[in-house]
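What you see is a predicted model, and the numbers here were worked out from it, not measured in a lab.
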Amino acid sequence: MLIGTCHCGQTGWTLTGDPGPATACNCTLCRRYGALWAYDHENERIQITGWPSSYLRAGPDKSSLEILFCPTCGCVLSWRALRSGEDGRRRIAVNLRLAPPDAVGDLPIDHFDGLDTFEDLPSRGACVRDLWA
């Protein structure tokens, strides 16, 4: 099980099982947050702890997700879909940067173009440890 906590320890997340690769996205929010995401569905393998605040993306397009963050220290915990999918499950991703570096350091990094094409980008062969070393 992976555990991620905000800086002050008031909020966090747990992820049970293999997190898969970390995803780096270049959308207008993710590139500003510098987050690395691991995905699943709310209250399945991912649980949020504490009482986070949320931010809904402003703009002309109707937002499809909210960003959860600690109301005390401001760390970004996760994003969560605003609506459930056709299967009734709600998609969620947690920010792997809140986990201990040795717990996630060997995870490969996938890149996603959330700015233009909404497609996966070619692998660069990097892992999380490469960002912190």
Does Glu42 have any salt bridge (charged side-chain N to carboxylate O under 4.0 Å, His left out) partners at least two apart in sequence or in another chain, and if so, which?
Arg80, Arg90
Enter the distance from Ser53:OG to Glu66:CD here, rounded to the nearest 0.5 Å.
10.5 Å
Could you measure the distance from the CG atom of Asp130 to the CZ atom of Arg124? Nearest 0.5 Å is fine.
12.0 Å
Using atom types as modelled, flag every donor-acceptor pair under 3.5 Å from a side chain in residues 67-79 to any protein atom, sequence neighbours excluded.
none

side-chain contact (heavy atoms from CB on, under 4.5 Å) filter on Thr14, not counting sequence neighbours, yields Met1, Ile3, Gln47
Show every donor-acceptor pair shorter than 3.5 Å between a side-chain atom in residues 101-110 and any protein atom, with sequence neighbours excluded, or say none if there are none.
residue: Asp106; atom: OD1; partner: Arg129; partner atom: NH2; Å: 2.8

Return the minimal non-hydrogen interatomic distance between Tyr39 and Arg91, and the atom names on each side.
CB-NH2, 3.4 Å
Measuring from atom CG of Leu96 to atom CH2 of Trp37, what distance do you get when rounded to the nearest 0.5 angstrom?
9.0 Å
Mind checking salt bridge (charged side-chain N to carboxylate O under 4.0 Å, His left out) for Asp116 and listing every partner two or more places apart, or none if nothing turns up?
none
Out of curiosity, Leu15 CG to Ile46 CD1, how far, rounded to the nearest 0.5 Å?
4.5 Å
Which heavy atom of Arg97 sits nearest to which heavy atom of Leu131, and what is that distance?
NH2-CD1, 3.5 Å
Criterion side-chain contact (heavy atoms from CB on, under 4.5 Å) on Ile92 and Asn43, from CA distance to verdict:
CA-CA 9 Å; Ile92 189 169; Asn43 298 321; over 6 Å; no
Compare all side-chain heavy atoms of Trp13 with those of Thr5 and state whether any distance is below 4.5 angstrom.
no
Using modelled atom types only, decide if a donor and an acceptor are shared between the side chain of Arg89 and the backbone of His41 within a distance under 3.5 Å.
no
Atom pairs and distances, side-chain donor-acceptor, residues 19-35, under 3.5 Å, sequence neighbours left out:
residue: Asn26; atom: OD1; partner: Gly114; partner atom: N; Å: 2.8
residue: Asn26; atom: OD1; partner: Leu115; partner atom: N; Å: 3.2
residue: Asn26; atom: ND2; partner: Asp113; partner atom: OD1; Å: 3.3
residue: Thr28; atom: OG1; partner: Arg57; partner atom: NH2; Å: 2.5
residue: Arg32; atom: NH1; partner: Thr28; partner atom: O; Å: 2.7

